[in-house]
Amino acid sequence: MRARLKIHGERLLPTAVRERREAERQEAEAKLREAEDAAAARQREAEAEAAAQKRAEQIAKRRRAMLESDSALREFTVDGTAYYGRVVDTFTASAASAHNLGLVVSALEAAGIDYFVVPGLSHSQHVLGVRFDDRKRFLVSLRELYGGSPLYIAKPSPEGLPAEGTLYADGSLPTEIKRSHTVRLGEILLGPAGQVLADLEFGCDVEFWRDGEKLLDLAPEKATERIKLLLRQNPAEVMTDALVAPRRNAVAEVLPAPARTPATLTVRERTLPSFPDFLAPRVDTVDFPVDVVYTWVDGNDAELTAKRDSYRTGLAPTASARETGASRYVSRDELKYSLRSLQMYGEFIRHVYIVTDGQTPSWLDPDAAGITVVDHKEIFADPSALPVFNSHAIGSQLHRIPGLSEHYLYFNDDVFLGRPVTAEHFFHGNGIARLPFSPSQFGTGDPHPDEPAPSSAGKNVRRLILDSHSRFITNKFMHTPHPQVRSVMQEIEERYADEVDRTSRSRFRAPTDIAMASSLHHHYAYLTGRAVPGTYHFRYVHLGKDDMEQRLAELLRTRRFDFFCLNDVDLPAEDRQRVDEQAQEFMESYFPYPSSFERSA
């Protein structure tokens with residue numbers, strides 16, 4: 001009765017009062033709902049935090065167990081993120097790539113999944129193709145084999161340590177990884193001091209190839225622009241039984257059934273399936289031998305120093321002190337580390353020649369396979385010109401090394417490979433050289449005894465090229481490996497006989513020299529159709545300069561340059577010990593493992 005009276009009483013209230021009370025009631029209900037929603041949100045947030053905390057504890061527990069299970073594993077941190085890697089006792093880039101390839105192949109074969117080698121676009125990664133329908137089985141097999149290991153999986157990216165990379169030991173994979181059309185897998189390999197030698201740049205990519213027939217049945221709105229383009233380019237009868245790649249490769253994205261005849265590729269004693277078209281040498285493939293030639297001097301050899309000083313006494317004033325001083329001949333065992341860089345990153349090299357003035361490094365095994373020490377006496381056209389202490393003179397005779405390949409690389413011992421490179425970095429498949437042009441210029445005017453020797457030697461080359469080809473040259477070349485074509489050098493020796501002979505007899509660097517190997521060869525080869533400008537990703541470090549430490553640290557941290565040079569010109573005596581120690585520490589960290597060219601410890 002009271003409730004009915006209350007309702008009737010409210011109806012008798014003025015309209016304004018009723019509306020005000022209704023608004024108050026709705027406001028109270030809204031606040032109540034808001035409070036309930038906030039409480040629910042706090043509950044969900046607390047539950048999410050608890051779940052995240054629980055997962056973090058589980059991950060930490062799995063990672064501890066992983067580290068305890070294998071003494072070769074290490075934790076390291078980059079930009080605040082923890083990563084896990086495997087310490088190795090030897091290292092080459094190709095072995096690192098093959099290691100990750102082996103991990104993937106083992107998972108595929110354990111699950112009985114068919115796969116094939118795909119010609120990828122990177123020379124540091126292997127790529128395998130797998131049918132799209134086998135993706136889930138493959139990921140399950142990986143979990144079974146590597147659930148407690150430091151194997152990483154990520155979507156392919158330019159980053160060697162991708163932030164979104166997932167450690168298999170952490171548990172379940174992110175959904176975007178499980179749905180990806182291509183994944184990259186690999187372990188991070190570490191040196192003896194925990195330095196990163198190989199990250200996921202050396203991982204193995206797995207592509208999930210679609211059946212062409214299923215793509216033909218796709219509704220137009222579900223087909224990507226790439227798929228639409230492939231469908232336009234390939235007839236339906238070809239697509240019906242074809243396999244279609246999820247991305248571009250070096251040969252073809254559509255693989256019809258007739259092209260899928262069996263073929264095999266051997267990678268470090270492992271035989272892998274593929275198809276003939278994927279394995280055939282392509283037009284850009286370098287399949288001819290490439291050697292390396294070093295010029296080297298042990299500036300710490302007292303006998304050599306005495307001999308050099310005896311010839312320097314009474315030297316004509318045209319030879320600059322810069323070009324005859326001790327810093328030009330100092331040795332920090334750079335050659336040892338440069339050879340290590342060849343084995344780590346340049347395994348395409350056939351043979352190495354070291355040209356010296358009767359010297360052999362104490363650490364070098366002269367009987368090691370793949371290396372020969374060559375005395376100046378063996379290559380100089382006129383041995384009576386010896387001794388010489390001039391790299392221009394020595395460079396004019398390198399093509400005379402017995403057994404040297406038609407295509408070779410000229411190295412100074414302070415030049416290093418910093419990343420994996422291939423013969424195609426230096427030569428085209430038709431033998432044409434790729435030249436390391438520098439933006440630095442010779443300048444104009446006549447050679448001057450007080451200017452850097454490369455400038456005066458370049459101006460002398462300019463005069464020869466202007467006379468013979470009516471072309472005015474301007475640019476120097478980088479301090480990188482110099483691609484050389486032996487027949488070009490032989491032709492230069494004949495065409496410019498007087499200038500070559502004069503330079504070969506120039507005991508110390510002089511303003512009359514020509515730079516035959518590092519300038520004349522390049523310009524002459526270019527103008528006669530046997531060389532073109534190349535692309536060289538390069539870092540120059542001037543030892544002793546204010547930015548030396550920064551540049552060395554960047555090289556070691558990123559390993560992102562194909563080549564680098566550690567050059568020392570006119571280093572003050574008071575700085576030498578400090579710079580020597582820093583350079584030695586850097587080289588030992590970058591190239592920590594002995595090459596096969598070194599004597600056993």
Ring centre gap for H123 and H425 strictly below 6.0 Å: yes
Any side-chain donor near an acceptor of the partner, T92 and Q343, under 3.5 Å: no
R559 to Y590, cation-pi by 6.0 Å centre distance and 45° axis angle: yes
Donor-acceptor pair, side chain of R507 and main chain of P387, under 3.5 angstrom: yes
Intermediate values then yes/no, side chain to side chain contact (heavy atoms under 4.5 Å, CB included), L364 and I354: CA-CA 11 Å; L364 182 72; I354 302 175; 4.0 Å; yes
Donor-acceptor side-chain pairing of Q584 and Y337 below 3.5 angstrom: yes
Residue pair R282, E424: steps toward the salt bridge (charged side-chain N to carboxylate O under 4.0 Å, His left out) verdict: CA-CA 12 Å; R282 297 187 293 276; E424 287 80 8; over 6 Å; no
Residue pair E588, R340: steps toward the salt bridge (charged side-chain N to carboxylate O under 4.0 Å, His left out) verdict: CA-CA 10 Å; E588 185 64 32; R340 289 185 182 185; 3.6 Å; yes
Charged N-O contact under 4.0 Å between K377 and D375: yes
Candidate list F416, Y345, Y536, test ring-ring contact (aromatic ring centres under 6.0 Å, His included), partner F563, passing option: Y536
Qualifying residue for side-chain contact (heavy atoms from CB on, under 4.5 Å) with L409, from D291, T480, V292: V292
Validation row, ring centre H469 to ring centre Y524 under 6.0 Å: yes
Atom pair NE2/CG of H126 and L272 - distance to nearest 0.5 Å: 8.0 Å
Within the 6.0 Å centroid threshold, strictly below: F586 and F564: yes
Carboxylate-amine/guanidinium proximity below 4.0 Å for R247 and D205: yes
Shortest non-hydrogen contact from P192 toward Y593: CD-OH, 3.1 Å
Listed once per pair and sorted, the salt bridge (charged side-chain N to carboxylate O under 4.0 Å, His left out) pairs that draw on residues 429-438, sequence neighbours left out: none
Modelled atom types, side-chain donor and acceptor of S124 and R419, under 3.5 Å: no
Polar side chain donor-acceptor pair, H351 to T372, under 3.5 angstrom: yes
Other residues, nucleotides, ligands: >12 heavy atoms within 6.0 Å of E347 CD: yes
Ion pair check, D498 and R502, cut-off under 4.0 Å: no
S440 (side chain) donor-acceptor with K476 (main chain) under 3.5 angstrom: no
Modelled atom types, side-chain donor and acceptor of E187 and H99, under 3.5 Å: yes
Neighbour count >12 (heavy atoms, 6.0 Å) for atom CG, D547: yes
Short side-chain donor-acceptor distance under 3.5 Å, D382 and S384: yes
No-hydrogen, no-angle side-chain donor-acceptor test under 3.5 Å, E494 and Q490: no
Contact summary for A369 and F597, nearest pair of heavy atoms: O-CE2, 3.4 Å
Modelled atom types, side-chain donor and acceptor of D301 and Q359, under 3.5 Å: yes
